[in-house]
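What follows is a short report on a single structure.
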Amino acid sequence: MSHFLAWKRLRKPLLFHFFALLAFGVSCNATINYSVSLEHPERHLFHVSITIPDVQGGVTVQMAAWNALYQIRDFSAHVQQVEAFAGTEKAAIEKLDKQTWRIQANGTVQIRYATYWDEPGPFATQLNSEHAFINPAMILMYVPDRREEAVHLALPDVPEQWQAAGSSIQFIESMGGARNFGGDAPSYDALVDSPIEAGKFEEFQLTGVKPSVFVVIHGDNWKKKRVEDDLKRICEYEVRLMEGAPFEHYTFILHIGKGAGGGGMEHANSTAIGTPSDEYLAGVAAHEFFHLWNVKRIRPTSLEPVDYTKEQYTRALWFAEGVTNTYGAYALVRSGIWSKERFYVDLGEAITELEQRPANRWQSAEQSSLDAWLEKYPLYNEPEFSVSYYAKGQVLGDLLDMVIRDRTDNAKSLDDVLRALNQDFAKQGKTYRDSLDVRLAVEKIAGVSFEEFFQKYVSGTEPFPYHEVLGLAGLELRKAERRLATLGFTAERDSSGALVVKTVDAEGAAAKAGLRVGDVITGWNGAEVPRRLERWVSGQKPGDLLKLRIRREEKEISLEFRLREIKETVYVVSEDAHATEKARNIREGLLRGETAAVLHH
């Protein structure tokens with residue numbers, strides 16, 4: 001959700017001129033002023049000051065309950081020491097509910113508070129001795145009826161040797177050597193759609209990419225050539241696909257390496273991504289960059305206007321997120337980062353994920369979207385209770401593309417649908433009516449009805465016609481058996497970030513080694529505990545040794561055991577050697593992002 005550019009201290013004349021060209025058209029005397037101190041970062045406390053002018057009859061402020069994830073996370077729980085002033089006098093302040101305060105004062109009101117954050121990853125906020133990463137909605141209160149007014153943000157007390165980078169706002173160090181970065185945004189919503197990175201980071205611009213794309217990297221375990229090449233291919237392909245970029249400048253904020261967290265969060269002109277190494281970057285980046293169009297601008301009505309106080313329900317995440325998965329994979333194969341075989345593996349994995357979850361039989365793509373707010377509950381994420389709108393939407397996107405191509409003799413594709421939605425909604429400043437306008441756009445492009453397809457597979461739960469539709473694109477689907485390693489236990493992180501054992505297979509090696517429910521895992525093969533256990537175990541083999549260090553009732557205990565084997569059925573996508581010429585053309589068109597006119601030419 002954001003807008004962006006990378007800055008360094010004003011040491012480089014080139015950057016200075018660049019800032020001058022890209023400065024926002026907002027007055028420096030912005031209506032509401034925010035100041036966020038990064039002093040003593042090792043204490044993990046942001047000290048925030050908000051100055052609100054023109055107050056009459058008191059003012060109400062709130063802290064967002066959610067942002068960056070479809071989860072109520074109550075950011076006010078991190079807040080302490082709230083006080084207010086009118087001039088030099090303390091003002092009366094009353095807390096009305098868990099996220100709302102009322103200040104009785106007039107004129108210019110200043111609110112001060114501290115908020116504690118030390119959580120890694122693009123969906124969180126962190127302040128420590130290494131860096132600061134800020135999702136502003138997590139630390140900045142707002143005036144509910146003045147969200148549309150211009151704002152100014154200052155970052156005083158940025159530690160020496162640190163740089164600052166932001167999105168939507170220009171962070172430029174004040175002249176004269178003062179350690180004070182700041183900038184303007186046209187509204188609170190624009191400000192909080194603008195993540196901020198401060199610390200010792202690497203920065204560079206992607207050469208030859210227009211409009212300008214910048215990269216800011218905090219961490220290790222990456223090589224510039226690979227990062228630059230992958231991002232350049234992705235950006236160039238997706239901008240070409242959508243017939244132009246919707247930004248003047250864009251920035252990737254990347255956390256790579258140990259403790260980076262995982263995943264990516266889209267913003268209107270930037271993204272924040274966490275990944276253990278550059279090996280995984282392209283897959284996340286292709287998805288997040290496509291969000292520039294799908295969800296940030298091609299946006300469902302049900303997500304507007306943003307309500308930070310409570311859940312905001314939508315049935316469109318299968319399209320906003322799932323079809324963005326479709327295009328992430330398309331970008332990778334069409335730009336040459338992936339081979340077509342890797343693309344088939346990815347599609348097979350998405351199908352496998354769906355078919356391994358019993359909930360796929362009763363939870364539709366629309367209902368999965370609607371229930372996104374339940375994902376913070378472990379039980380809901382079990383295979384019997386839910387199916388992912390990412391996976392279901394990705395497969396729907398592929399199948400929909402194949403059907404459109406088949407019904408138009410490969411003259412039109414899902415690419416045309418996305419471009420039409422961009423033209424008819426995003427560029428007109430309009431939102432679309434969840435699945436309805438998506439269907440109508442498909443029908444406009446294809447020239448035939450898709451009502452039955454949407455009734456059966458988007459709002460309904462009929463089994464996907466894999467064999468029939470994949471056959472239209474010269475592909476076939478078969479089952480295979482895979483032998484995998486298994487941990488023999490499950491674990492989840494509690495509110496403090498500690499990994500706590502939740503279940504243990506009574507017949508497994510972990511149980512026989514002495515592991516119990518409630519044990520806190522503090523060490524993993526002599527190193528830190530992996531952030532994602534499923535990713536770690538996917539790289540292991542049955543019989544591999546796992547050594548755990550656990551804390552139980554204030555005692556430290558060491559356990560070790562060998563991973564056992566499980567068998568699972570997976571789905572494999574491959575090319576049909578007996579496909580018709582039409583099907584082969586559709587397959588090539590899908591892999592290359594082309595339609596009949598281009599292919600025949």
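Model, not experiment: these values are computed from the prediction. Numbering of residues begins at 1 and proceeds along the displayed sequence.
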[Y] versus [X], side-chain donor and acceptor atoms under 3.5 Å:
X      : Y      : value
Gln110 : Ser49  : yes
Asn135 : Thr125 : no
His131 : Glu197 : yes
His44  : Gln126 : no
Thr522 : Arg551 : no
His152 : Asp184 : yes
Thr100 : Gln62  : yes
Asp307 : Thr309 : yes
His291 : Glu321 : yes

Open item on the list: Looking at Thr503, is its backbone amide N or carbonyl O close enough to the side chain of Thr490 to form a donor-acceptor pair, meaning the two atoms are under 3.5 Å apart?
Closed with: yes

Open item on the list: Strictly distance-based, threshold 3.5 Å: is any side-chain N or O of Trp66 a donor or acceptor partner for the main-chain N or O of Lys310?
Closed with: yes

What distance do [X] atom [atom1] and [Y] atom [atom2] have between them, rounded to the nearest 0.5 Å?
X      : Y      : atom1 : atom2 : answer
Asn33  : Ile50  : CG    : CD1   : 10.5 Å
Lys296 : Thr271 : NZ    : OG1   : 10.5 Å
Gln205 : Phe214 : CD    : CZ    : 4.0 Å
Gln71  : Tyr377 : CD    : OH    : 9.0 Å

Open item on the list: Quick check: do Ile253 and His255 have side-chain heavy atoms less than 4.5 Å from each other?
Closed with: yes

Task: Aromatic ring pairing Tyr188/Tyr308, orientation class (parallel under 30°, perpendicular over 60°, tilted between) - done: perpendicular

- [ ] Could you tell me how the ring of Phe290 sits relative to the ring of Trp293: parallel (under 30°), tilted (30 to 60°) or perpendicular (over 60°)?
- [x] tilted

TODO: Using a strict cut-off of less than 4.0 Å between a Lys/Arg side-chain nitrogen and an Asp/Glu carboxylate oxygen, indicate whether Lys223 and Asp278 qualify as a salt bridge.
DONE: no

Task: Glu534 atom CD, neighbour heavy-atom count above 12 within 6.0 Å - done: yes

Task: Tyr380 atom OH, over 12 foreign heavy atoms within 6.0 Å - done: yes

Open item on the list: Can you see whether Phe489 has Lys502 sitting over its ring - NZ or CZ less than 6.0 Å from the centre and within 45° of the normal?
Closed with: no

Task: Residue pair Tyr250, Phe289: steps toward the ring-ring contact (aromatic ring centres under 6.0 Å, His included) verdict - done: CA-CA 9 Å; Tyr250 183 91; Phe289 194 73; 4.9 Å; yes

Task: Qualifying residue for side chain to side chain contact (heavy atoms under 4.5 Å, CB included) with Thr115, from Val79, Val82, Leu127 - done: Val79

